[in-house]
Amino acid sequence: MSLPEALRRRPWVGWVLCAVALALLPFLVEAGLGRTWVRILDFALLYLMLALGLNIVVGFAGLLDLGYIAFYAVGAYLWALLASPQFDLHLPFWLLLPLGALVAGVFGLLLGAPTLRLRGDYLAIVTLGFGEIIRIFLNNLGAPINITNGPQGIAGIDPLRLGDWSFGRTQHLLGVALPATHLHYYGFLVLALGTMFVCIRLQDSRIGRAWAAIREDEVAAQASGINTRNVKLLAFSLGASFGGVAGGLFASLQGFVSPESFSLLESVSVLCMVVLGGMGHVAGVVLGALMLSILPEALRHVAGPLQQKLFGQVLVDPESLRLLLFGLSLVLVMLVRPEGLWPSPLRRPEKQSDEATAAD
Amino acid sequence: MKISRSAWKFGMAVGLMAVALTGYGKDELTVVRVGQVSPLTGNIAHLGKDNENGARLALEEANASGLTLGGKRVKLELLSEDDQADPRTGTIVAQKLVDAKVVGVVGHLNSGTSIPAARIYSEAGIPQISPSATAVKYTHQGLKTSFRVMANDAQQGKVLGEYAAKKLGAKRVAVIDDQTAYGQGLADEFTTAAKAAGATIVTREHTTNNSQDFNAILTSIKGKKAELVFYGGMDAQSGPMMKQVKSLDLQAKFLTGDGGQTPEFVTLAGDAAEGAFASSAGVPLLKMPGGKAFSDRYKARFKQEIQLYAPYAFDAMNALVAAMKQADSSDPAKYMPVLAKLNYSGVTGKIAFDELGDIKGGAISLYQARGGKWEYLETVGK
Amino acid sequence: MLVRAHLSIFLQQVLNGLVLGSVYGLVALGYTMVYGILGLINFAHGEVVMVGALCALSAMTALQGSGLPGFAVVLLALLLAVLACMALGLAIERIAYRPLRRAPRLAPLITAIGISILLQNLAMILWGRQYHSFPPLLPVHTLHFGGASISTVQLAIILVSGALMAGLLLLVHLSSLGRAMRATAENPQVAGLMGVNVDRIIAVTFAIGSGLAAVAGVLVSANYSVAHYYMGFLLGLKAFTAAVLGGIGNLAGAMVGGVLLGLIESIGAGYLGDLTDGFLGSNYQDVFAFLVLIIVLVLRPRGLLGERVAERA
């Protein structure tokens with residue numbers, strides 16, 4: 001009774017509670033579920049950044065992109081090449097992160113420019129092709145001149161480093177031991193929150209409204225004076241730069257990159273996060289990203305014991321069931337909530353009026 | 001129909017075992033967990049399951065024979081995880097095994113997952129023996145916990161390249177790989193060795209590990225008058241590829257690595273398999289003491305043929321158990337130094353590691369497909 | 001002499017491309033029919049191809065000892081596979097797409113991906129993880145001409161795809177069912193007002209597309225002598241690319257796109273290395289194919305033959 005009351009009067013109390021909860025989360029998770037889950041959280045935060053980046057392209061501007069993982073790959077390889085024994089370069093993170101964003105952004109322009117005239121599913125297949133092209137190049141730039149080591153990948157990548165604080169091993173702060181997984185969690189959390197903030201601000205900005213206009217009706221947007229070319233290119237390159245940052249962080253966390261991490265299926269799963277959560281709605285996308293990165297891992301723990309409980313024995317190998325259940329849940333969620341789990345409250349009226357005009 | 005029935009049987013067996021084990025419970029058994037990781041879903045899931053089976057058989061036999069470490073009766077428990085051949089999932093399951101306090105890991109199957117996972121095992125001080133990761137880099141990361149029981153690409157590629165140029169007398173050689181870490185790595189090492197032995201590489205072609213149609217690259221090879229075609233990749237591609245070699249009337253010998261030395265290759269290629277050459281690491285199973293018995297027990301236990309790496313997974317698990325026995329402890333810190341110096345006779349050959357964790361000696365055996373079977377030719381190296 | 005050798009290699013590459021392309025075209029028909037009517041990419045279509053192949057394999061294995069003559073076994077297995085896939089296609093439409101017909105455009109895309117994952121893993125449980133060897137269906141002979149060769153199975157692929165394609169075109173353009181299909185594709189609401197049972201037409205479209213997928217699955221497996229639960233993914237992707245290349249929604253476009261993609265792939269893989277003096281090789285075959293696709297789409301944003309399709313943004 002008194003807590004909601006206090007929250008209404010002092011909104012900052014809520015923020016402080018959230019901050020404390022987020023700060024304690026890795027310790028609680030480790031105590032309750034084990035360190036694996038902190039690592040899963042690390043990846044979930046990376047996917048969150050990816051999904052938010054893709055949401056700019058798909059959700060805000062309405063451009064279907066099936067090759068988004070290419071930008072993640074560009075960011076990851078940039079970090080791997082500039083901070084590993086590969087060329088014996090070891091640039092610091094504060095240089096690598098902006099550089100990753102920049103280079104991925106340029107690649108975003110590279111994809112955007114030739115595809116401006118394409119719409120809908122034609123755009124989807126071209127972006128898909130672009131994603132594959134990037135992956136194939138990474139896979140083959142091991143010869144004749146060795147740049148990426150080809151399918152062997154690049155190992156021994158530097159971890160994030162703040163001064164002489166390496167995120168790669170356990171550090172002690174005020175007597176508390178912080179293992180690598182926890183350190184990465186905090187680092188990623190800061191960047192993920194930053195990404196969310198930028199996205200929310202973008203949505204309410206002039207550019208955000210221009211994107212919405214293009215998404216709803218490109219011809220009308222153009223007629224009302226929006227420079228659709230520039231605005232679309234901006235969506236591609238901004239979305240791409242988020243992916244580039246996430247890619248760099250992925251390389252630093254894994255310490256190893258190889259082209260097999262950047263397959264088409266990864267693009268598809270990031271798209272699923274965006275659509276399942278609620279396209280165009282930042283909170284929904286966050287929910288979708290967290291759910292879909294955690295669900296397959298949760299099913300790992302569920303598939304066996306669940307059968308044991310239902311049938312008294314394990315009938316089907318739990319590992320075979322895991323992805324099956326994942327597919328099933330994608331279908332069910334969409335059937336029950338076609339707009340996504342947590343759709344944007346703003347978009348619904350638009351949608352209805354859309355249908356009203358269609359019926360006219 | 002057949003599948004569901006065997007699933008029932010399997011379920012019953014598991015149930016009975018569970019009952020049997022609860023009966024044992026009163027005997028104060030200490031449970032010690034050992035991990036196994038391989039892709040159990042995706043396009044090489046059949047090989048992943050094969051690895052799991054190999055490791056499981058070794059573990060069950062160790063349990064059946066009764067294991068006592070440090071004066072306590074010990075029961076080993078297998079935690080088998082699916083890494084989907086994906087590096088990211090690979091590190092997650094590695095962490096999961098570390099959390100579950102496994103004392104050792106057999107895996108992963110692929111180099112791409114073994115390499116990033118190795119860092120996690122190393123940090124936790126848990127020994128990892130891969131039965132099948134052959135990328136040279138895996139044991140070259142400076143980690144004390146990484147071992148493998150299979151010859152690496154450099155060892156195998158060298159033998160294959162020399163064999164092609166000297167024994168098979170091929171002067172004009174075409175090389176194909178599947179653009180994976182394994183296939184490309186092996187093909188590169190083969191190329192280096194074949195050139196050094198005096199052969200000319202007339203072309204280097206590529207396919208993928210999902211492809212079925214190789215007519216275009218084979219036609220191109222035909223135009224280059226190659227005398228021998230080498231393929232770096234797995235049986236699911238090399239089988240159909242062999243068939244297309246014959247139907248295009250490409251007059252060249254066919255040689256591939258351990259990924260093709262499988263019953264599957266012969267089944268998929270059918271009559272076209274006749275005359276193909278392939279290698280495999282170690283000594284042929286049936287030549288080893290206990291090899292035939294192992295293969296029979298595998299068939300009896302899992303109702304299927306050995307696919308590919310099961311004997312290596314079996315040896316990897318047995319090497320872990322042997323080291324634990326010698327050290328009289330399942331504590332990784334205590335038995336790992338013993339493991340590094342182990343000298344154990346496995347079903348694939350002698351298991352002993354060099355200072356990097358690679359298998360010592362690394363004998364390679366060669367085979368030729370004759371009458372629908374792989375016939376043993378010879379063993380090169382020690 | 002040398003010229004003739006080069007010519008025969010080139011002829012062989014063209015034949016390789018034709019065989020590959022016919023298969024792509026046959027699968028692409030399924031994508032394009034559904035897209036033409038619903039404006040929806042049926043991502044699960046590749047998996048239907050896989051189910052068709054594996055069903056036929058099971059049927060043939062079961063009928064092996066029945067004493068029926070070989071060709072009867074093959075035809076019966078093919079028929080069973082077609083029926084099974086038709087049922088599967090109908091079920092997919094009913095469960096995953098029909099409830100979402102008025103939902104946002106990307107919702108059915110996600111259910112399609114879900115169904116695709118579901119079918120793959122279901123097939124893995126039912127048929128196992130191993131690669132199955134698939135019988136050649138026909139007595140295998142190799143025909144030689146002009147220094148190139150083609151097997152009976154490959155010839156059958158080209159002929160069967162061509163015949164099915166022609167049949168489908170006749171059906172769509174001459175029968176009353178076809179007229180109803182075209183009307184639904186043009187405008188479902190108006191077609192409904194004109195007395196067309198739109199639900200039934202959409203269901204029939206799915207059934208036909210899935211039946212074609214089953215035939216494609218059987219032909220592909222017979223040609224490469226392999227069937228596996230993972231075989232649908234890459235094939236589906238290539239066929240989808242072919243459908244877009246030809247102009248998605250256009251039947252003839254699917255076949256043209258398929259054959260073109262097949263030719264691009266085999267010529268690309270065969271000559272890329274020689275043309276660039278070994279700098280780029282067959283590893284860039286897909287890059288080459290996608291680049292052609294991008295160039296075609298930049299010049300003709302609706303694909304090669306896709307002019308008639310209405311905008312569905």
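Values below: all heavy atoms of this structure, side chains included; hydrogens, waters and symmetry mates excluded. Numbers restart at 1 for each chain; the letters A, B, ... are given by sequence-line order, proteins then strands. If you're wondering where the values come from, they're calculated on a predicted model, not measured in any experiment.
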**Message:** Only pairs of heavy atoms separated by less than 4.5 Å count here; which of C/Val140, C/Leu234, C/Asn283 has the most with chain B?
**Reply:** C/Asn283
**Residues from residues 46-65 of chain C approaching chain B under 4.5 Å (heavy atoms)** = none
**Message:** With a 4.5 Å cut-off on side-chain heavy atoms, are C/His45 and C/Val27 touching?
**Reply:** yes
**B/Lys224 side chain reached by B/Ser220 side chain, heavy atoms, under 4.5 Å** = yes
**Asked** Which one of B/Gly42, B/Ser211, B/Ala269 has the most heavy-atom pairs closer than 4.5 Å to chain C?
**Response** B/Gly42
**Message:** Nearest 0.5 Å, please: how far is CG in B/Leu228 from CD1 in B/Ile221?
**Reply:** 10.0 Å
**Prompt:** Can you tell me if B/Ser111 uses its side chain to pair, donor with acceptor, with the backbone of B/Ala181 under 3.5 Å?
**Reply:** no
**Item:** Atom group of C/Ser151 that falls short of 4.5 Å from chain B, counting heavy atoms
**Value:** neither
**Message:** For C/Thr142, is there any backbone N or O sitting under 3.5 Å from a side-chain donor or acceptor partner on C/Ser149?
**Reply:** no
**Item:** Positions in residues 262-275 of chain C that reach chain B, provided some heavy atom is under 4.5 Å away
**Value:** C/Ser266, C/Ala269, C/Gly270, C/Asp274
**Message:** Could you check whether any side-chain heavy atom of C/Val259 comes within less than 4.5 Å of a side-chain heavy atom of C/Tyr24, counting everything from C-beta outward?
**Reply:** no
**Fill in**
Against chain B, residues from residues 131-138 of chain C with at least one heavy atom under 4.5 Å, in numeric order, are C/Tyr131, C/His132, C/Ser133
**Complete:** The reported gap from OG1 in B/Thr262 to CG in B/Leu308 (rounded to nearest 0.5 angstrom) is 6.5 Å
**Item:** Note, C/Gln130 side chain near B/Glu264 side chain (heavy atom, < 4.5 Å)
**Value:** yes
**Asked** Where does B/Gln179 contact chain C at under 4.5 Å (heavy atoms): side chain, backbone, both or neither?
**Response** side chain
**Message:** Just so I understand: if I count every heavy-atom pair under 4.5 Å between each of B/Leu248, B/Leu47, B/Asp249 and chain C, which residue has the most?
**Reply:** B/Leu248
**Fill in**
Among C/Val23, C/Asn16, C/Ile9, the residue with the most heavy-atom pairs under 4.5 Å to chain B is C/Asn16
**Fill in**
Honestly, the part of C/Gln154 sitting under 4.5 Å from a heavy atom of chain B is side chain
**B/Arg172 side chain vs B/Thr200 backbone, donor-acceptor pair below 3.5 Å** = no
**Request:** Measure the CG-CG distance between C/Leu29 and C/Leu164 for me, rounded to the nearest 0.5 Å.
**Result:** 8.5 Å
**Message:** Do B/Leu250 and B/Thr219 have side chains that approach each other closer than 4.5 Å (heavy atoms only, starting at C-beta)?
**Reply:** no
**Prompt:** Is B/Asp50 paired with C/Arg129 through a side-chain N to carboxylate O contact shorter than 4.0 Å?
**Reply:** no
**Asked** What residues form a salt bridge (charged side-chain N to carboxylate O under 4.0 Å, His left out) with B/Asp83, not counting sequence neighbours?
**Response** none
**Item:** Electrostatic pair C/Asp286:C/Lys238 at N-O distance under 4.0 angstrom
**Value:** yes
**Prompt:** Can you tell me how far the OG atom of B/Ser295 sits from the CG atom of B/Leu285, to the nearest 0.5 Å?
**Reply:** 6.0 Å
**Prompt:** Given that the side chain runs from C-beta out, which part of B/Glu205 has a heavy atom under 4.5 Å from chain C: side chain, backbone, both or neither?
**Reply:** both
**Message:** At a 4.5 Å cut-off on heavy atoms, which part of B/Gln304 comes close to chain C: side chain, backbone, both, or neither?
**Reply:** neither
**Item:** Under 3.5 Å donor-acceptor, B/Tyr182 side chain and B/Gly259 backbone
**Value:** yes
**Flag if over 12 foreign heavy atoms under 6.0 Å of CG, B/Asp271** = no
**Asked** Do the side chain of B/Asn110 and the main chain of B/Thr113 share a donor and acceptor less than 3.5 angstrom apart?
**Response** no
**Complete:** Under 4.5 Å to a heavy atom of chain C? For B/Lys222 that would be both
